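Step one of this worksheet: look at the structure below.
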Amino acid sequence: MSNGFDDIPFFDEEPAPRGRPDGPQAGAPVPATTPASMPASGTASSPAAGLGIAARAMAARDVGRRPDYLSGLNPEQREAVESIDGPVLVLAGAGTGKTRVLTTRIAHILASSKAFPSQILAVTFTNKAAREMKERVGVLVGGAVEGMPWMGTFHSIGVKLLRRHAELCGLRSAFTILDTDDVVRLIKQLIQADGIDDKRWPAKQFAQLIDGWKNKGLSPADIPEGDARAFANGKGRELYAAYQARLKTLNACDFGDLLLHPIKMFREHPDLLKEYHAKFRYILVDEYQDTNTAQYMWLRLLAQRPKGVPQNVCCVGDDDQSIYGWRGAEVDNILRFEKDFVGAKVIKLERNYRSTEHILGAAAHLIAHNEGRLGKTLFTDRSDPDDQKVQVHAAWDSEEEARAVGEEIEQLQRQTHRLNDMAILVRASFQMREFEDRFVTLGLNYRVIGGPRFYERMEIRDALAYFRLVCQDADDLAFERIVNTPKRGLGDTTIRALHDYARARDIPMLAAAAEMIDTDELKAKARKSLFDVVTNFRRWQGLLENTPHTELAETILEESGYTDMWKNDKSAEAPGRLENLKELIRSMEQFESMRGFLEHIALVMDTETNENLDAVSIMTLHSAKGLEFETVFLPGWEEGLFPHQRALDEGGRSGLEEERRLAYVGLTRAKRRCHIWFVSNRRIHGLWQSTLPSRFLDELPVTHVDISEPEQSYGGYNRGGYGQSRFDKQEPFSNTYSTPGWKRAQANKTDATRDNWGSRSGVSIERVGYGESGPRAKTIDGELIAKSKVDDPSKFTVGERVFHIKFGNGNIAGIEGNKLTIDFDRAGQKKVLDGFVDKL
DNA sequence: AGCTAAGCCCTTTTT
DNA sequence: GGGCTTAGCT
């Protein structure tokens, strides 16, 4: 990625294309329907290698044969690729070759000499998608993609625009991009500075509010009165404004600003917008269903042209895969495309190349439960009697779930399936841990995608704060982070004084430090320490331009005493942290400058995975979008977890539909095998709670689904050392929906399942007892515990003999409200909820 | 100033 | 259950 600080004169980057970009070409015209017979065009050894991609693509064309990138496309895909002039909306179902269409379309534009690579604006939603698109365009036209500077995420393109025109937004080009963590810390300062109780009005919550406003494209003046009042007794608007002002003095942006500033800039400078209109001859947008209002405004500004001028915009999306409503995505954007771009051509891609008919059938049946769809029906020609139906499995608890999934994986592995072809897709990241634990025990390679991130580690953030401050000395957040790390005797008192001094004079804290050294406001010791800090930073800043950046980075960490701090640390983590710091320096090598590096990590928080290692992928359903695997495991299909309680509480019906789309995304990731799991017991907040199978299981078609028979009596229960449980005597699963959990779900269907998971008010009701009717035990947290005792005071007594469905028989050792401490014969002492045990 | 112990909150998804 | 922040102590 370019570092974004290039000084290349903007509008002279490329020669004028041959002929008018949207008119007939001066060179050999290429009717789009030329018969095809071209061999693989630019490989590394082709004569065109080494040229830019446009040149290579054209060279391929000039050979006089139809480029083979068009062959192998189905008619709809062909149309989507070849309709390059005028607005096009491609509704592409899962696995219908969406990315292929996008990349081929780009190749086609280039090969038709309609535009230079730098004249194509191609926007994706995630960095991963951008990376993949770059690679695939590269493969199509031969070699790596140089010269497509405007392919990237909304945010990365936003940064690029902002670096160029920072002054129009009241920033300087070297501005810092703050991540969520910085933002929260900053807001916390503002809240406290305003004398607002930050317990009652958490900074994190306000950060989310601001983010929501920005997603809607609202600046402080625009936010609705109600919203403004809702936070901190009506101070919402002022706080938001104060936050923006503070960002300006810090010369910093948050993620939302990367979209909002360009919008504002284009609105206020129509001439500038015009220049970009001239520049971007073709605009492509991936995952259009995920765009939020701000992104929509951004796109419309760039894509809409005066009457008569062709609007060469192509948006690709799938309303059934819209899963980001919670962060402001507006499915409406895709629904109104035809209104926004008059004369738009709408092309549906419904032929699926990815999954078996069982998987497709299951997914289609599920998603049909949603209302308000554009209505696509995926189909496939693929039909193989050997194809496996979607497998639904039941497990007792998440531990057994992980164990069983592990066994299935090992079995597949023995059948020579690669781990790289398998993935576990979870609803919420806390589910990952159990699988990780299990796989560590098994010695099974796994990779967590989008998990705890490298760049979020303490030592990395510290190091980055040093680098940020060197690059941008107004970055007070960075300053505050490291001014006393390692310890330099600069405590709260000193920092507060610096803070006040800086604020009073409207200067950065580093500058304030430099000035305060010469005053007598601080103690001599603090002054000495500050002097060292300031001198160090001045020196490092001097080295910035002429020292290799990796060398400078090492120098900074050495001279600041930061590495020494960890070397002297005797804790177990210290060596790992030093190793991470080395890794950080190593990863800087790929970048041209320290600034380029900082920008990369601000935007691309994910660390690259090494594909060479054969490993199972573990990730959330959200981050799985766009990926595919031979075998997919979908654990945790239980009410409250999936669909997630919070989605239901906050989103109501549309929340449920979004969850269903998420389930649809999960199913359609699978090419050949798909295993769904649900458990009867899950530990939530440290307590065992019983759970109901997800309603989505009911929405799967029986014809494409198998309820799998567990191998030998339920995984591990009777061989796991808990002794015989009553459950062992249950009928084994039959081939119909007759698992105990399932039956229970049916029985309870009319009950309000939403109460099943502890809501925040602390009341949760659960049901246990197979074969018995109706809810029995009440599990109540907090103050309602007392009530439940009054209702049913003599349910259990200390010393009583009881049975627990998981742990077997035991004696009650203690009772606290509804929580029992039980000495189990086999499982030892456990704390369980009274609803889970029966008197013997 | 710095450490430890005790409470507190939270646990959906992300550029 | 657990990670984090705060309060209170040395």
Side-chain angles (χ1 to χ4, degrees), chain A residues 123-130 152-159 177-181 183-185 188 198-199 202-205 207-208 211-212 214-215 253-260 287 290-292 294-295 298 322-329 425-434 449-453 456 458 484 486-495 523 525-526 529 601-606 619-625 636 640-651 655 658-659 661-663 665-666 682-689 757-758 760 762 830-831:
Chain A
V123 198
T124 63
F125 218 74
T126 63
N127 295 299
K128 208 162 49 186
T153 62
F154 278 100
H155 293 86
S156 69
I157 290 169
V159 177
I177 303 163
L178 300 184
D179 65 22
T180 325
D181 208 73
V183 168
V184 172
R185 283 197 298 146
K188 192 165 188 175
D198 64 319
K199 287 261 168 59
K204 209 172 155 187
Q205 193 189 326
Q208 281 164 3
D211 197 50
K214 289 191 172 180
N215 284 338
C253 276
D254 62 17
F255 280 122
D257 286 342
L258 301 181
L259 298 171
L260 288 195
E287 306 282 17
D290 285 335
T291 49
N292 60 36
Q295 287 159 335
W298 188 98
S322 159
I323 54 175
Y324 285 105
W326 53 272
R327 73 169 197 209
L425 311 181
V426 298
R427 176 63 183 83
S429 43
F430 75 83
Q431 291 173 264
M432 293 180 179
R433 221 184 72 197
E434 210 124 21
I449 294 171
R453 292 158 178 193
E456 284 170 10
M458 187 212 310
N484 200 32
K487 302 269 181 280
R488 300 185 175 95
L490 299 166
D492 282 352
T493 338
T494 314
I495 293 171
K523 289 186 184 145
K525 215 175 89 187
S529 280
I601 55 176
L603 291 172
V604 186
M605 289 294 277
D606 58 344
M619 68 188 95
T620 64
L621 286 162
H622 283 86
S623 45
K625 191 162 66 146
L641 177 57
F642 193 36
H644 199 278
Q645 193 58 52
R646 221 169 122 181
L648 301 178
D649 287 345
E650 289 168 14
E658 182 154 312
E659 295 287 293
R661 290 193 291 269
L662 203 47
V665 167
R682 199 172 279 281
R683 208 161 41 177
I684 300 150
H685 309 321
L687 287 170
W688 288 99
Q689 308 219 156
W757 267 46
R760 222 168 300 169
K830 305 269 179 200
K831 271 193 175 175

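Proteins get letters first, then strands, A, B, ... in listed order; numbering begins at 1 in each. Note that this is a predicted model, so its numbers are computed, not measured. Keep in mind that the numbers below use all heavy atoms, side chains included, and drop hydrogens, waters and symmetry copies.
Atom pair Phe430(A):CZ and dG3(C):P shows a separation of 15 Å (rounding to whole Å applied). In this structure, the CG atom of Asp649(A) is 16 Å from the C1' atom of dT13(B), given to the nearest Å. Computed from coordinates, the Leu425(A) CG to dT12(B) P distance equals 19 Å when rounded to whole Å. Going from atom CD of Glu287(A) over to atom P of dT14(B) covers 14 Å, rounded to whole Å. With rounding to whole Å, Trp326(A) atom CH2 is found 4 Å from dT13(B) atom C1'. Across the protein-nucleic acid pair, His622(A) atom NE2 and dT13(B) atom P stand 9 Å apart, rounded to whole Å. Separating the CZ atom of Arg433(A) from the C1' atom of dG1(C) is a distance of 8 Å, rounded to the nearest angstrom. We find that CD of Gln295(A) is positioned 12 Å from P of dT15(B), with the value rounded to whole Å.
Between Tyr324(A) atom OH and Asn292(A) atom CG the span is 12.5 Å, to the nearest 0.5 Å. Asn215(A) contributes atom CG, which lies 8.0 Å from atom CG of Leu259(A) (distance to the nearest 0.5 angstrom). One finds the CG atom of Leu490(A) at 4.5 Å from the OG atom of Ser529(A) (value rounded to the nearest 0.5 Å). Taken from NZ in Lys128(A) to OG1 in Thr153(A), the straight-line distance is 13.5 Å, to the nearest 0.5 Å. In this structure, the separation between NE2 on His155(A) and CG on Leu603(A) is 8.5 Å, given to the nearest 0.5 Å.
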For nucleotides 1-3 of chain B, print each protein N/O atom paired with a nucleotide N/O atom at under 3.5 Å, atom names and distance only.
| residue | atom | partner | partner atom | Å |
| --- | --- | --- | --- | --- |
| dA1(B) | OP1 | Gly491(A) | N | 2.9 |

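Comparing dT6(C) with dT11(B), their P atoms sit 16 Å apart, to the nearest whole Å.
For dT11(B), one of the phosphate oxygens OP1 or OP2 lies less than 4.0 angstrom from a side-chain nitrogen or oxygen of Lys204(A). Proximity of Thr620(A) to the phosphate of dT14(B): a side-chain N or O atom is located under 4.0 Å from OP1 or OP2. Applying the 4.0 Å criterion to OP1 and OP2 of dT12(B), one finds that Arg646(A) has a side-chain N or O inside that range. In this structure, His644(A) reaches the dT12(B) phosphate: one of its side-chain N or O atoms is under 4.0 Å from OP1 or OP2.
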Hey, mind stepping through Val665(A) and Leu621(A) against side chain to side chain contact (heavy atoms under 4.5 Å, CB included) and telling me if it holds? CA-CA 7 Å; Val665(A) 167; Leu621(A) 286 162; 5.6 Å; no
Applying side chain to side chain contact (heavy atoms under 4.5 Å, CB included), run through His622(A) and Arg427(A) and close with a yes or a no. CA-CA 8 Å; His622(A) 283 86; Arg427(A) 176 63 183 83; 3.9 Å; yes
Before giving the answer on side chain to side chain contact (heavy atoms under 4.5 Å, CB included), spell out for Leu260(A) and Trp298(A) the whole-Å C-alpha distance, their side-chain angles and the decisive distance to 0.1 Å. CA-CA 8 Å; Leu260(A) 288 195; Trp298(A) 188 98; over 6 Å; no
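dT15(B) has Phe255(A) stacked on its base ring, the centres lying under 5.5 angstrom apart and the planes within 30 degrees of parallel.
Helical stems in DNA chain B, defined as runs of 3 or more consecutive Watson-Crick or G-U wobble pairs with donor-acceptor distances under 3.5 Å: B:1-10 with C:1-10.
Salt bridge status for Asp290(A) with Lys625(A): present, with a side-chain N to carboxylate O gap under 4.0 Å.
Looking at heavy-atom distances under 4.0 Å, Phe154(A) makes no contact with the nucleic acid at all.
Distances were taken from every side-chain heavy atom of Lys188(A) (C-beta onward) to each of dT14(B), dT6(C), dT15(B); the shortest belongs to dT6(C).
Atom CZ of Arg185(A) is surrounded by more than 12 heavy atoms from other residues, nucleotides or ligands within 6.0 Å.
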